[in-house]
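Let me begin by presenting the structure, written as structure tokens, before commenting on it.
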Protein chains: 2
Amino acid sequence: MSSAASSRPKSVPRGRVDKRKAILDAAFTVFARRGYAQACVQEIAEEAGVAKPTVYSHLSDKETLFRHAVEAALDALLEEKLTVIGRLRARAPDEDPHAALTDLAHGLARICCGEPARALRRLTYAQAAQFPDLAETTQERTVHRPRAALADRLARLSLAGALRPCDPEQAAEHFFALLTGPLESRSLLGTRRVPAAELRGTAEAAVDTFLRAYAGDRQLSQTTAEGDRPDGS
Amino acid sequence: MSSAASSRPKSVPRGRVDKRKAILDAAFTVFARRGYAQACVQEIAEEAGVAKPTVYSHLSDKETLFRHAVEAALDALLEEKLTVIGRLRARAPDEDPHAALTDLAHGLARICCGEPARALRRLTYAQAAQFPDLAETTQERTVHRPRAALADRLARLSLAGALRPCDPEQAAEHFFALLTGPLESRSLLGTRRVPAAELRGTAEAAVDTFLRAYAGDRQLSQTTAEGDRPDGS
DNA sequence: ACGCTGCTGAACTCATGCGTTCATTCTAGA
DNA sequence: TCTAGAATGAACGCATGAGTTCAGCAGCGT
């Protein structure tokens, strides 16, 4: 997303390129950098390697620009998360869930701490009051849908006896909470880049606690023994 | 905080009042309502029942105004949280931790879903890029200090055998995560007012899961039996 | 009664930035 | 090669709002 635009395509051959996409990418980059109010359309145009009137010919408004840019970024992020969650499907349902969940947690942690996700969180929080419908879309795409997808997977694990009988929606919610809550505080509201080691430690701690609370009888003793050192961060 | 200013003291007797406090309260109210960039000093002055030059005579800048208003709100919020956490101290350390933690969770949930806390989260997220030091102060006051305070209490519970041996800092972190994560998603990024019933249910679910993961051997069977219905929200 | 101090309100300057206009230039396609 | 449509860039009008100025006014101590 921002990686493509951050190389400042100043010298696009001026002819036919996919200007619209370039503009939306640039818009997200600049909004992420400055925030909605502080971002000016001129800078977006420059970032996209395009003239200001061109921007207005594609997207009528600064607000429209913002909405489309944010929604595109949301979609990309959702897809990433669903892919990582979907990897659970490939696992044998009766395998030890510890390894599978650790992989999952680590994958999700990497996504949540990536620049796009952090920027998106800042932007949607900031404009939650001004564009309440966007806040709703955001929750839907970044929280509810991934949670539902995870709940499906956890339900299967539960049936297979790897997790105790429980409400899978709530289990998924708690899984995400244990993972993203600590990450949130470690990234200083998305301000700071979380080092990979911390990220891994946080993910493991989350899985540990999650399994202590949700592991099925079959797994309990094993898990409890394994995660007994206090911490490591 | 905002309750004093929300009654629009349009007709202050013009003479000596604590203008400065009125201004800071009004500033927080207006910033919370509009966001930093959209808030205008004129509106803050009106909300405080004061003329615009008076505002500038007390606080030199819009930025200064913002910082002082936010920090005052942060302090108030921190004190509230510490008070609620401090109530754990009064409990007998060998008593069943379930009741104590539920009280705590419920108290914290009420604070975190209150208008000041939600507004504060929106504001600091929004301006995290522009005023990074404020983001740090915010984390310190709203996360680290309360977590440290809770960790102290949990350490005592652990020593008393009510919780299993564990890193109290991490236990506290997970406790907060299990509580505030779900609350966050239920309040739609602070946009929506969470109904009391949901709030209570979330708090109980958080304590449930927390105790399943952290209860000491003495408590394990009891807790596990008690929280066995899937959910309730 | 007098003047000092702090507040008022209205008007002002100035910077910023949205959205638009227009004459010009480029590219694609016939 | 010629033409239509898209893109350019530079300038413009206009609104908004930060921060300031200033003449007047209320209260208060003396």
Write down the distance between [atom1] ([X]) and [atom2] ([N]), rounded to a whole number of angstrom.
| X | N | atom1 | atom2 | answer |
| --- | --- | --- | --- | --- |
| B:Leu65 | D:dG19 | CG | C1' | 13 Å |
| B:Lys62 | C:dA15 | NZ | P | 18 Å |
| B:Gln38 | D:dA15 | CD | C1' | 15 Å |
| B:Gln42 | D:dG19 | CD | C1' | 12 Å |
| B:Tyr36 | D:dA18 | OH | C1' | 10 Å |
| A:Asp61 | C:dC18 | CG | C1' | 9 Å |
| B:Arg34 | D:dA18 | CZ | P | 12 Å |
| B:Ile23 | C:dG6 | CD1 | P | 14 Å |

Quick one: which of [options] gets closest to the side chain of [X]?
| X | options | result |
| --- | --- | --- |
| B:Ser57 | D:dA18, C:dC7, D:dA11 | C:dC7 |
| B:Lys52 | D:dG19, D:dA7, C:dT20 | D:dG19 |
| B:Tyr56 | D:dG9, C:dT8, D:dA18 | D:dA18 |
| B:Cys40 | C:dC18, D:dA7, D:dG17 | D:dG17 |
| A:Pro53 | D:dT8, C:dG19, D:dT20 | D:dT8 |

**Request:** Determine the contact category for B:Ala39: base if any of its heavy atoms lies under 4.0 Å from a base atom, sugar-phosphate if only primed atoms, P, OP1 or OP2 are that close, otherwise nothing.
**Result:**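 The answer is sugar-phosphate, as B:Ala39 gets under 4.0 Å only of primed atoms, P, OP1 or OP2.
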**Prompt:** Under 4.0 Å between a side-chain N or O of B:His58 and OP1 or OP2 of C:dC7?
**Reply:**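 Indeed, a polar side-chain atom of B:His58 lies that close.
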**Message:** Is B:Thr54 close enough to C:dT8 that one of its side-chain N or O atoms is under 4.0 Å from OP1 or OP2 there?
**Reply:** yes
**Prompt:** Does A:Arg122 reach the main-chain N or O of A:Ala32 with its side chain, forming a donor-acceptor pair under 3.5 Å?
**Reply:**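 Confirmed, A:Arg122 side chain pairs with A:Ala32 backbone.
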**Prompt:** Where does the angle between the aromatic ring planes of B:Phe210 and B:Phe175 fall among parallel (under 30°), tilted (30 to 60°) and perpendicular (over 60°)?
**Reply:** perpendicular
**Request:** Indicate the ring-plane relationship of A:Phe31 and A:Phe66, choosing parallel, tilted or perpendicular according to the 30° and 60° boundaries.
**Result:**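 Rings of A:Phe31 and A:Phe66: perpendicular, over 60°.
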**Prompt:** Side chains of A:Arg147 and B:Ser185: is there a donor and an acceptor less than 3.5 Å apart?
**Reply:** yes
**Asked** Taking side chain as C-beta onward, heavy atoms only, is B:Leu77 less than 4.5 Å from B:Arg141?
**Response** no
